[in-house]
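Data block below; observations after.
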Amino acid sequence: MGNCSLPDPGKSRRCTALLPGGIARSLGRGALTAVTPSISGLGRRVQALNGQLRMDAMPGWGADIFVSLPLNLKTRPTGDTTEWNLAARELEVLQHLAAGHRNRTIAPTMSISENTVKFHVRNLFRKLNVGSRTEAIALAHSHGLR
């Protein structure tokens, strides 16, 4: 749940939101910092989308987290994915993930079992250094995969 006010043209907008999984939750006594795992994960997601994250924290009080994301992402050619050293099938699975497909729809399309899809997804997480499908998809989109 959240709320957003529409900005005047040329101005930014301020939004408050409850993010799935409590991404920006306090660890008690205002201990939320930039190195807190949930915040560093958010930082990686924002960076993958060419955005900016700023955090103002006051110990014992709380934190304000500001995220700016570009509205029209510039896509890079898919050749940039070579740095990830993905096998052909892993890249194919990543393309399906980027297209929004679920494991059970990817499996028959690629003529493999759902467990094999899960295996490839785990390998992708490790090779891309991400912790979730969302991060993998954001990284794929930032490299031009759709």
Side-chain angles (χ1 to χ4, degrees), residues 1-7 9-28 30-57 62-146:
M1 300 184 79
N3 64 37
C4 251
S5 59
L6 293 176
K11 295 193 176 182
S12 62
R13 64 181 171 178
R14 184 176 179 113
C15 299
T16 58
L18 175 62
L19 301 174
I23 289 176
R25 64 182 173 270
S26 173
L27 299 177
L32 192 62
T33 67
V35 294
T36 303
S38 57
I39 297 300
S40 62
L42 176 62
R44 286 192 308 273
R45 290 180 181 119
V46 169
Q47 186 178 28
L49 293 171
N50 298 322
Q52 296 178 353
L53 179 131
R54 183 172 60 88
M55 183 173 148
D56 297 330
D64 287 329
I65 300 170
F66 303 91
V67 175
S68 300
L69 298 173
L71 294 177
N72 55 348
L73 291 173
K74 304 280 189 239
T75 58
R76 291 186 253 170
T78 56
D80 286 53
T81 61
T82 55
E83 66 196 50
W84 296 331
N85 297 318
L86 300 180
R89 296 297 263 182
E90 292 168 340
L91 182 57
E92 191 175 350
V93 168
L94 183 58
Q95 289 170 324
H96 282 288
L97 293 178
H101 300 155
R102 296 169 28 172
N103 290 358
R104 68 177 54 154
T105 58
I106 296 171
T109 303
M110 293 179 61
S111 300
I112 58 178
S113 74
E114 195 171 338
N115 284 334
T116 303
V117 174
K118 291 176 187 177
F119 173 79
H120 288 313
V121 170
R122 280 192 304 272
N123 285 342
L124 286 169
F125 285 8
R126 182 179 47 78
K127 289 182 177 183
L128 301 177
N129 193 28
V130 298
S132 70
R133 289 173 81 96
T134 304
E135 283 183 90
I137 291 166
L139 193 57
H141 285 178
S142 74
H143 281 73
L145 297 177
R146 299 277 184 234

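All values derive from a computational prediction rather than experimental measurement.
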Out of N129, N123, V130, which one pairs with R126 under the side chain to side chain contact (heavy atoms under 4.5 Å, CB included) rule?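 Result for side chain to side chain contact (heavy atoms under 4.5 Å, CB included) with R126: N123.
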
Hey, is CZ on R104 packed in by over 12 heavy atoms from elsewhere, all under 6.0 Å? no

So with a 6.0 Å cut-off around CZ of R133, is the heavy-atom count from everything else above 12? yes

Under the ring-ring contact (aromatic ring centres under 6.0 Å, His included) rule, what pairs show up with a residue in residues 86-110, not counting sequence neighbours?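 Qualifying pairs, neighbours excluded: H96-H101.
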
To the nearest 0.5 Å, what is the distance between [atom1] on [X] and [atom2] on [Y]?
{"X": "L139", "Y": "L124", "atom1": "CG", "atom2": "CG", "result": "10.0 Å"}
{"X": "Q52", "Y": "L69", "atom1": "CD", "atom2": "CG", "result": "9.5 Å"}
{"X": "N85", "Y": "L128", "atom1": "CG", "atom2": "CG", "result": "10.5 Å"}

Restricting to side chain to side chain contact (heavy atoms under 4.5 Å, CB included), what partner residues turn up for I112, sequence neighbours left out?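 In terms of side chain to side chain contact (heavy atoms under 4.5 Å, CB included), with neighbours along the sequence ignored, I112 is linked to R89, M110, T116, V117, H120.
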
Heavy-atom side-chain proximity of [X] to [Y] below 4.5 angstrom:
{"X": "I106", "Y": "L97", "result": "yes"}
{"X": "W84", "Y": "E90", "result": "no"}
{"X": "N115", "Y": "F119", "result": "no"}

What pair of heavy atoms forms the shortest contact from S113 to A107, and how long is it?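 Shortest heavy-atom contact: C-CB, 3.8 Å.
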
For F125 and A136, which heavy atoms make the closest approach, and how far apart are they?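 Where F125 meets A136 most closely, the heavy atoms are CE1-CB, 4.3 Å.
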
By salt bridge (charged side-chain N to carboxylate O under 4.0 Å, His left out) - contacts of E114 (at least two apart):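 Salt bridge (charged side-chain N to carboxylate O under 4.0 Å, His left out) list for E114, sorted by chain: empty.
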
